[in-house]
Amino acid sequence: MSAEAQLDPAVDAALGGHLDRLAVTLDGLRAQSRLVSRWGGVLARRLSAGARLLAAGNGGSAAEAQHLTAELVGRFRDDRRPFSAIALCAETSSVTAIGNDYGYEQVFARQVTAHARPGDVLVLLSTSGRSRNLLEAATAGRLAGALVWAMTGPGPNPLAEAADEVLCLPGATANVQEAQLVAVHAVCAAFEAALPGASRRAS
């Protein structure tokens with residue numbers, strides 16, 4: 001066996017530790033499965049009635065926000081009509097213009113004020129729950145009459161307090177980001193299952 005093929009005990013231990021910690025975070029998600037299921041049902045009712053979903057996050061959470069909106073505009077599992085969903089963090093010209101003119105704290109809030117209407121759903125993803133631009137977005141969302149949901153790391157944290165409802169996940173930043181993807185997919189699975197006619201499509 002070549003030296004490159006040999007298992008480094010330190011690397012193996014680091015990986016094992018990471019996966020053990022991820023399992024704890026996923027256990028925390030499983031414990032909140034009823035909340036995730038309810039969110040899927042609320043989204044199904046609101047988006048079917050013409051509301052839209054707005055989502056935002058920073059860094060890895062921005063990627064998960066885009067992932068969520070892509071699943072709704074495209075599809076998760078079922079072949080069904082597209083639904084209105086916008087990832088505010090992906091609007092690069094708006095983000096850079098607003099950041100330049102008003103400061104980075106306003107890059108999402110100003111977009112929320114522009115796009116959100118009563119009955120819409122705003123999903124804010126953060127590992128820390130302390131990002132100022134997401135806190136400003138939560139305030140703007142509530143002022144616009146949108147329902148504000150947050151996915152964060154361990155609570156309590158400021159974003160959890162600013163949102164109408166929150167999914168707080170235990171663990172370190174990397175594990176929370178990994179579990180956010182699972183949470184996004186779980187919400188989408190619940191959403192599609194709750195859509196009118198879903199039982200007929202599944203049969």
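Side chains included, hydrogens not; waters and symmetry mates left out as well; all remaining heavy atoms used. Positions are given from 1, in the same order as the sequence printed here.
Side-chain contact annotation: E178 with H18, donor-acceptor N/O pair under 3.5 Å present.
Residues V166 and L54 do not share a hydrophobic cluster, defined by chaining ILVMFWY side chains whose heavy atoms lie under 4.5 Å apart. Following chains of ILVMFWY side-chain contacts shorter than 4.5 Å, one cannot reach L125 starting from V148, and the two form parts of different hydrophobic clusters.
Contact check for N157 versus E161: no side-chain heavy atoms found under the 4.5 Å cut-off. Put simply, the side chain of L134 reaches to within 4.5 Å of the side chain of F108, judged on heavy atoms. For the pair D101 and Q106, the minimum side-chain heavy-atom distance is 4.5 Å or more. Two residues are said to be in side-chain contact when any heavy atoms from C-beta on lie closer than 4.5 Å; I86 and T69 fail this criterion. By the 4.5 Å heavy-atom criterion applied to side chains, S48 and P196 are counted as neighbours. The shortest distance between side-chain heavy atoms of R130 and L159 does not fall below 4.5 Å. Within the 4.5 Å cutoff, no side-chain heavy atoms of E91 are placed close to those of V107.
Considering every non-hydrogen atom in both A140 and T113, the closest pair reads CB-OG1, 3.8 Å. Residues A150 and A163 approach most closely at CB-CB, 3.8 Å, considering heavy atoms. A pairwise comparison of heavy atoms in A194 and G40 identifies CB-O, 4.2 Å as the closest pair. What you find for L53 and A55 is that their closest heavy atoms are CD2-CB, 4.0 Å. Across every non-hydrogen atom of E71 and C188, the tightest pair is CB-SG, 3.5 Å. Considering every non-hydrogen atom in both P170 and P154, the closest pair reads CA-CG, 4.1 Å.
No side-chain donor-acceptor contact under 3.5 Å links Q177 to the backbone of T127. In this structure, the side chain of S131 does not engage the main chain of N133 through any donor-acceptor pair within 3.5 Å. With hydrogens and angles disregarded, no donor-acceptor distance shorter than 3.5 Å links the side chain of E136 to the backbone of A109. Between the S37 side chain and the S33 main chain, no donor and acceptor come within less than 3.5 Å of each other. D120 contributes a side-chain N or O that, together with a main-chain N or O of R117, makes up a donor-acceptor pair within less than 3.5 Å. Checked by atom type and distance alone, the side chain of T139 pairs as donor or acceptor with a backbone atom of L135 at under 3.5 Å.
Tested against W39, the residues V121, L147, V187 include a single side-chain contact (heavy atoms from CB on, under 4.5 Å) partner, V187. Among the candidates R81, R75, R80, R77, the single residue satisfying the salt bridge (charged side-chain N to carboxylate O under 4.0 Å, His left out) test with E192 is R80. No option in L167, L35, L43, L124 other than L43 meets the side-chain contact (heavy atoms from CB on, under 4.5 Å) test with W149.
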- Task: Walk me through it: do L169 and M151 pass the test side-chain contact (heavy atoms from CB on, under 4.5 Å)?
- Result: CA-CA 8 Å; L169 297 174; M151 294 186 188; over 6 Å; no
- Apply side-chain contact (heavy atoms from CB on, under 4.5 Å) to R21 and T25, showing your working. CA-CA 7 Å; R21 290 187 292 273; T25 305; 5.7 Å; no
- Message: Assess the residue pair L47 and F191 against the criterion (side-chain contact (heavy atoms from CB on, under 4.5 Å)); give the C-alpha distance rounded to whole Å, side-chain angles, the decisive distance to 0.1 Å, and a yes or no.
- Response: CA-CA 10 Å; L47 271 59; F191 167 77; 4.2 Å; yes
- CA sep, side-chain torsions, deciding dist, call: V123, L68, side-chain contact (heavy atoms from CB on, under 4.5 Å): CA-CA 9 Å; V123 179; L68 173 58; 4.1 Å; yes
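Separation of atoms CD (Q180) and CG (L29) is listed at 10.5 Å; rounding is to 0.5 Å. If you take CZ on R52 and CG on L72, they are separated by 13.0 Å, rounding to the nearest 0.5 Å. One distance of note links CG of D27 with CD of Q32; it measures 11.5 Å at 0.5 Å rounding. Taking OG of S126 as the reference point, atom CD of E64 lies at 12.5 Å (rounded to 0.5 Å).
Between H185 and F76, the angle of the ring planes lies from 30° to 60°, which puts this pair in the tilted group.
Both tests hold for R110 against Y102: distance to the six-membered ring centre under 6.0 Å, angle to the ring axis within 45°.
Grouping Ile, Leu, Val, Met, Phe, Trp and Tyr residues whose side-chain heavy atoms lie under 4.5 Å apart, directly or via other members, leaves V11 alone, with no other cluster members.
A salt bridge (charged side-chain N to carboxylate O under 4.0 Å, His left out) check over residues 32-50, counting only residues at least two apart or in different chains, returns the pairs R38-E165.
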